[in-house]
Number of protein chains: 2
Amino acid sequence: MNNKTLKSAELKQTKKRILILSVLEKASSALTAEEIAEITSQDIKMSISTIYRALNALAEKNVVTKTLYQDGKTYYEINNHTHKHTLICTLCNEKVPINTCPLEALEDHLSQETGYTITGHSLEFFGVCPKCSIVKDEK
Amino acid sequence: MNNKTLKSAELKQTKKRILILSVLEKASSALTAEEIAEITSQDIKMSISTIYRALNALAEKNVVTKTLYQDGKTYYEINNHTHKHTLICTLCNEKVPINTCPLEALEDHLSQETGYTITGHSLEFFGVCPKCSIVKDEK
DNA sequence: TTACTTGCAAATGGTTTGCAAAGGG
DNA sequence: CCCTTTGCAAACCATTTGCAAGTAA
């Protein structure tokens, strides 16, 4: 599938790009370039700038999405063209995917009110996961 | 008012901090440290690191909020303890404040489903403002 | 063959920090 | 007077870029 993806994105198929894509496909949440580097290092040695360049190329072709989180890092994930957001534990950094997005109705409303053509949004939730919540109480 | 704010935040009142606060109070949307530097430079010369330190101190005391936007810059605004989000034109960078936030219901739901204590969220909308939309069509 | 891809090291840009001097309570 | 705040320059950290060498089509 990755070779098709790369071909249709008009990008050359290289071992490294194929591997990066397969890592993103297996991931259950968005990953940083650094995390991808760590995972891929078991299979192929590649420079971090190669990873950034591959991810940027893929993001430009809309194969992956690119989002800057509040931790200052950019996260990448396969663009399945469905709306997804994430809930992040501010203590242990665990990430839970969220499948509903209640913002389309608001976007319509906003569009009418401001005259803007709304092209997208970014949304992140923060909280404390049950495990960290227990650890915290014990202190 | 700013002297009271600083006093209750247990921060020393200095000309620079008072000026930064007054700029934030007059602002109609969130500002970056750089923007604050530009505005304040007409009144007082101060180093950019002073601005960052003042903003961080104020953010720690919850006098201002601190949010990293998708443009990679951190924006600061007076924390009025009401929920606010922003709609940003991806072409001219104009920012429109949004007063409704439909996420509380979703947060309750999420909390039940995941066991997380939800402490907050960050949300940004992107679009093209009416003016830029016209310019774009003319091309 | 020819343009695209990669590695490396250096550059970038926003933000933070160490240290010594200045200033508020 | 003591502790906080400030200026300056250097450090930081994630990400990008220039250039020369390697590789897919």
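Every chain is numbered from 1 and lettered A, B, ... according to where its sequence line falls, protein lines coming before strand lines. Source: prediction; values computed, not measured. Side chains are part of it too, since the values below use all heavy atoms of this structure and drop only hydrogens, waters and symmetry mates.
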Check every strand shown and say whether Thr32(A) touches a base, only sugar-phosphate, or nothing at a heavy-atom separation below 4.0 Å.
nothing
In whole angstrom, give the distance that lies between atom CG of Leu31(A) and atom C1' of dA14(D).
16 Å
Atom OH of Tyr69(B) and atom C1' of dT15(C) are separated, to the nearest Å, by 18 Å
Measure from CD1 on Ile48(B) to C1' on dT6(D) and round the result to the nearest Å.
14 Å
Separation of Leu19(A) atom CG from dT6(C) atom P, in whole Å?
11 Å
Sugar-phosphate or base contact per nucleotide [nucleotides 19-25 of chain D; S, B, -; heavy atom under 4.0 Å]
-----BS
Atom pair CD1/CG of Ile18(B) and Leu11(B) - distance to nearest 0.5 Å
11.5 Å
Does any N or O in the side chain of Thr50(B) come within less than 3.5 Å of the main-chain N or O of Met46(B), such that one atom is a donor and the other an acceptor?
no
Tyr52(A) OH to dG7(C) C1', straight-line distance once rounded to whole Å
16 Å
Whole angstroms only, please: what is the CG-P distance between Asn56(B) and dT6(D)?
13 Å
Please check this pair: side chain of Asn79(A) against backbone of Val63(A), looking for a donor-acceptor N/O pair closer than 3.5 Å.
no
Checking side-chain contact (heavy atoms from CB on, under 4.5 Å) for the pair Lys12(B)/Leu6(B): CA distance, chi angles, key distance, verdict?
CA-CA 7 Å; Lys12(B) 289 196 173 170; Leu6(B) 286 169; over 6 Å; no
Which residues pass the ring pair (Phe, Tyr, Trp, His ring centres under 6.0 Å) test with Phe125(A), not counting sequence neighbours?
His121(B)
Specify the residue among Ala33(B) and Glu10(A) whose closest nucleotide of DNA chain C lies further upstream toward the 5′ end.
Glu10(A)
Position toward the 5' end of DNA chain C (nearest nucleotide), Thr50(A) or Tyr75(B):
Thr50(A)
Any sub-3.5 Å donor-acceptor pair from Glu35(B)'s side-chain atoms to Thr32(B)'s backbone N or O?
yes
Identify all side-chain donor-acceptor contacts of residues 64-74 of chain A below 3.5 Å with residues at least two apart in sequence or on another chain.
unit_1, atom_1, unit_2, atom_2, d
Thr65(A), OG1, Glu77(A), O, 3.4
Lys66(A), NZ, Asn56(A), OD1, 2.7
Tyr69(A), OH, Thr86(A), OG1, 3.4
Gln70(A), OE1, Leu68(B), N, 2.9
Gln70(A), NE2, Leu68(B), O, 2.7
Asp71(A), OD1, Lys73(A), N, 2.9
Asp71(A), OD2, Tyr75(A), OH, 2.7

When you measure from the side chain of Lys16(A), which nucleotide among dT6(D), dT16(D), dG7(C) comes out closest?
dG7(C)
May I have the distance from Lys61(A) (atom NZ) to dC4(C) (atom P), rounded to whole angstrom?
10 Å
Selection from dT17(C), dT17(D), dG14(C) that lies nearest to any side-chain heavy atom of Ser49(B)
dT17(C)
Distance check needed: dT15(D) P versus Ile51(A) CD1, whole Å only.
11 Å
